[in-house]
Structure formats: C-alpha cells, structure tokens
Amino acid sequence: MNEMRRKLTTIFSADVQDYTRLMGADEEGTLTMLKWSRDAMSRLIGAHGGRVINTWGDGLIAEFPSVVEAVRAAIDVQNELVGMNSGRPAEGRMLYRIGINLGDVIAEGDDIYGDGVNIAARLQASAPAGGIVISHTVYDQVRNKVAVGFDFLGPLTVKNVSEAVPSYVVRIGHDVSATPAPPARPPAAGAPEPSQSFGPRVRKIGGVFAVVAITLIAINLLSWQGVFWAVWPLLAFAFVLAMAWIRRQSRFDRRIAGLVVIGTGIVIVNLLTWHGVFWAIWPLLGLAVAVGLRWAMRR
C-alpha cells in the first residue's frame, strides 16, 4: 500500500466554463477542442516543472514545486488558449478558469488530498472565464516575481475550512470572454484543427513573403549575371516565416520546433555553399543534444 505523507506544494486547478452547454451545442467539436486544449495545457505544465495529477470530465489538477512557475504556467495556458478561441464565435469558445493555491496536502502515491486541494478548486470556481485566481499564500510569493498585476477579490469561503481565504485575480492583459469574434461560418471539409491554424499575423507575413520572394526572383532574373543571389534573402524571409508560425502553433513544443528550424537552415546553408565538406554535422549534433535534453525534461 502507498504510504501517506504530508507535504507543502502548489496546487493548480482548472476547468471549462459552461462545459455542459458546449457539449449540448456541439458534442464532437467540444470533445475535439477539449482534447487539444488539455494536451496544450499538459505540455505547458510540464515545461514549467509541474505534473498533471488527475483529469476528469473537463477538469484538471496539477501540482508544482515552484509557486512562481505555477503562476507562469497558468498565464501561458490562458495566453495560448486565446489563439485557439480567436477564430471562434463567442458562444462556441472554450474558456478555462484556473485557481492556484499553496498549501499543505496529504500525498498518497501520485494523488494529493486535503484542504489545500479544496481551496484551489474553490479559487478556480471563482475565477472569471479565461482568468486566474490565486490565494493569498500564492500572492505573497509571486507579487514581485511575475510581470502581471493583481486585483484583490476578497475573502472566499471554502467548505470545511474555518477561515475565509483572501484571494486575488491575476491581470493577464486580456479578457477573452469579451473579445469580439468574427461571424460564425461552417467549417470547410478537411479544415485544420485549432492547433494547425494560422493566425492573421502569420498569414500577413506569408503574403508579404510571397510578394517579396517574387520581386527578388524577378530582379535576379532580369539582372542575371550567372549567380542566383536571391536565394539568401529568400532563405532569411523563410526563416522569419517559420519562426512566426512556431509562435502561433500549439501542436509542437515551441523550443524544440525552433531548434529544428535552425537545424534545417544550417543544412540548407551548407548545401548552398557546398565545397565537399558537410560541416553542418557539428552544429546539428549540438542541436540534437539540446532537443534531446528538452524532450527528456518534459517527460
């Protein structure tokens, strides 16, 4: 049997606002969005040193050894979900509420129990859609260490906890529920999932790249002197476009994807300047080690 023990930890509790209504309106679409958002949340939790303890329905519980990293993870989660919801009608958005508490819990195996968990769940239930609420114990640790603002929410009563818990709303610079959305339209057949979609900014960069690429190629051909020099600015623009896409996508770890793009660029440069030596193998080896370490730290 697993031995019970007490420990101090940071509890991260999240659930979906109006999940029942979303399921009633579009069961399959809601489940698809839930799976994508949960995968993104788990990835970001792991990237900040936390671990997911349990999931049920639309809820999730995680814990962090660092209070600061727990709040940073919550901010990253809400910012990431903004991109997922940006192209959806207001009534179809999947908005999470997150509560964070630092408290003493009972640990048994991989599970945790106790008032510390109950308080985190109560804070989460008090959070606005797309928002984060933290306890005063968390606030005391992060108020001068995280570049966001805090608004005092007041004392919250928690079942089976004798004293009310002072709480704070984290100001993360946007109100997802109030952001206007474009008119709803039926998805096209074979349309990409939210994690694959390009945001307006990336599409704009792509359009600029196409115009610049055509212009450079035309100038190069019209002033041809035996050298296709346009390949170098085109390569630079392609790198910018790839990095912009990485910042918008959520399917892959951004740092790993960035290293892969850099590695690909190094190989292309080696091939374009080929003199019989594949020198790119050495920086590629270094990047491979960095990718391996990044992947191992996420496990």
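Since this is a predicted model, take the numbers as computed values, not measurements.
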Checklist entry - Would a hydrophobic clustering, with Ile, Leu, Val, Met, Phe, Trp and Tyr connected at side-chain separations under 4.5 Å, put V52 with I61? => result no
Next on the checklist: Applying a strict under-4.5 Å side-chain criterion to I, L, V, M, F, W and Y, I'd like to know whether V146 and I45 cluster together.
Outcome noted: yes
Checklist outcome for this item: Between G116 and N101, the two heavy atoms sitting closest are O-ND2, 3.0 Å
Checklist entry - Roughly how far apart are W36 CH2 and M84 CE, rounded to 0.5 Å? => result 5.5 Å
Checklist entry - When rounded to the nearest 0.5 angstrom, what is the spacing between CG in L287 and OG1 in T264? => result 9.5 Å
Checklist entry - L216 and W229: side-chain contact (heavy atoms from CB on, under 4.5 Å), yes or no, with the steps? => result CA-CA 9 Å; L216 286 173; W229 52 261; 4.1 Å; yes
Next on the checklist: With clusters defined by side-chain heavy atoms of hydrophobic residues (ILVMFWY) lying less than 4.5 Å apart, directly or transitively, does F150 cluster with I98?
Outcome noted: yes
Item to check | Rounded distance (nearest 0.5 Å) linking atom CG of N85 with atom CG of L95 | outcome: 5.0 Å
Next on the checklist: I'd like to know if the side chain of S167 and the backbone of G154 have a donor-acceptor N/O pair within less than 3.5 Å.
Outcome noted: yes
Next on the checklist: Are the side chains of E91 and R21 in contact, using a 4.5 Å heavy-atom criterion?
Outcome noted: yes
Item to check | Non-hydrogen side-chain atoms of L34 and R38 separated by less than 4.5 Å | outcome: yes
Checklist entry - Does the side chain of M23 come within less than 4.5 Å of L31's, by heavy atoms? => result yes
Item to check | Non-hydrogen atoms of D58 and V16 that approach each other most closely | outcome: OD2-N, 3.0 Å
Checklist entry - Do you know the tightest heavy-atom contact between F12 and A70? => result CD1-O, 4.1 Å
Item to check | More than 12 heavy atoms from other groups under 6.0 Å of NZ on K7 | outcome: yes
Checklist entry - Looking at D39 and K35, does any basic side-chain N land under 4.0 Å from a carboxylate oxygen? => result yes
Checklist entry - What side chain to side chain donor-acceptor pair (under 3.5 Å) pairs are there with at least one residue in residues 114-129, not counting sequence neighbours? => result S13-Q124, D15-Q124, R122-S126
Checklist entry - So if you build clusters from Ile, Leu, Val, Met, Phe, Trp, Tyr with side-chain heavy-atom gaps below 4.5 Å, do V277 and I266 land together? => result yes
Checklist entry - Heavy-atom distance under 4.5 Å between the side chains of F239 and I262, does that happen here? => result yes
Next on the checklist: side-chain contact (heavy atoms from CB on, under 4.5 Å), that's the test. Do W232 and L272 meet it? Break it down for me.
Outcome noted: CA-CA 9 Å; W232 298 109; L272 291 174; 3.7 Å; yes
Checklist entry - Atom CE of M33 and atom CG of L81: how far apart are they, to the nearest 0.5 Å? => result 9.0 Å
Next on the checklist: With a 3.5 Å distance limit and no angle check, can you tell me whether N270 reaches the backbone of A280 through a side-chain donor-acceptor pair?
Outcome noted: yes
Item to check | Residues in side-chain contact (heavy atoms from CB on, under 4.5 Å) contact with I281, at least two apart in sequence or another chain | outcome: F278
Item to check | Non-hydrogen side-chain atoms of L156 and L123 separated by less than 4.5 Å | outcome: yes
Checklist entry - Are any of the side-chain heavy atoms of I106 and I112 separated by less than 4.5 Å? => result no
Checklist entry - In terms of side-chain geometry, is the basic nitrogen of E80 or R43 positioned less than 4.0 Å from the acidic oxygen of its partner? => result yes
Next on the checklist: Count I, L, V, M, F, W, Y as connected when their side-chain heavy atoms are under 4.5 Å apart, and connections chain through other members. Are L222 and W224 then in the same cluster?
Outcome noted: no
Checklist entry - What is the minimum heavy-atom distance between R51 and D110, and which atoms define it? => result NH2-O, 3.1 Å
Checklist entry - Is any side-chain heavy atom of I268 less than 4.5 Å from a side-chain heavy atom of L235? => result yes
Next on the checklist: Please evaluate residues H48 and D76 with respect to the criterion side-chain contact (heavy atoms from CB on, under 4.5 Å), reporting the C-alpha separation (whole Å), side-chain torsions for both, the decisive distance (0.1 Å), and the verdict.
Outcome noted: CA-CA 10 Å; H48 285 275; D76 284 353; 2.7 Å; yes
Checklist entry - When rounded to the nearest 0.5 angstrom, what is the spacing between OG1 in T273 and CH2 in W279? => result 5.5 Å
Checklist entry - Shortest non-hydrogen contact from G49 to P65? => result O-CD, 3.4 Å
Checklist outcome for this item: The reported gap from OG1 in T10 to CG in L102 (rounded to nearest 0.5 angstrom) is 4.5 Å
Checklist entry - Where is the tightest heavy-atom contact between N220 and V227, given as atom of each residue plus distance? => result ND2-O, 3.1 Å
Checklist entry - Does the side-chain contact (heavy atoms from CB on, under 4.5 Å) test come out yes or no for R171 and V148, once each step is laid out? => result CA-CA 6 Å; R171 292 201 304 268; V148 293; 5.6 Å; no
Checklist entry - How are the rings of Y168 and Y139 set to each other: parallel, tilted or perpendicular (split at 30° and 60°)? => result parallel
Checklist entry - Would you say the side chain of Q78 lies within less than 4.5 Å of the side chain of I132, judging by non-hydrogen atoms? => result yes
Checklist entry - For atom CH2 of W282, is the number of surrounding heavy atoms from other residues, nucleotides or ligands below 6.0 Å larger than 12? => result no
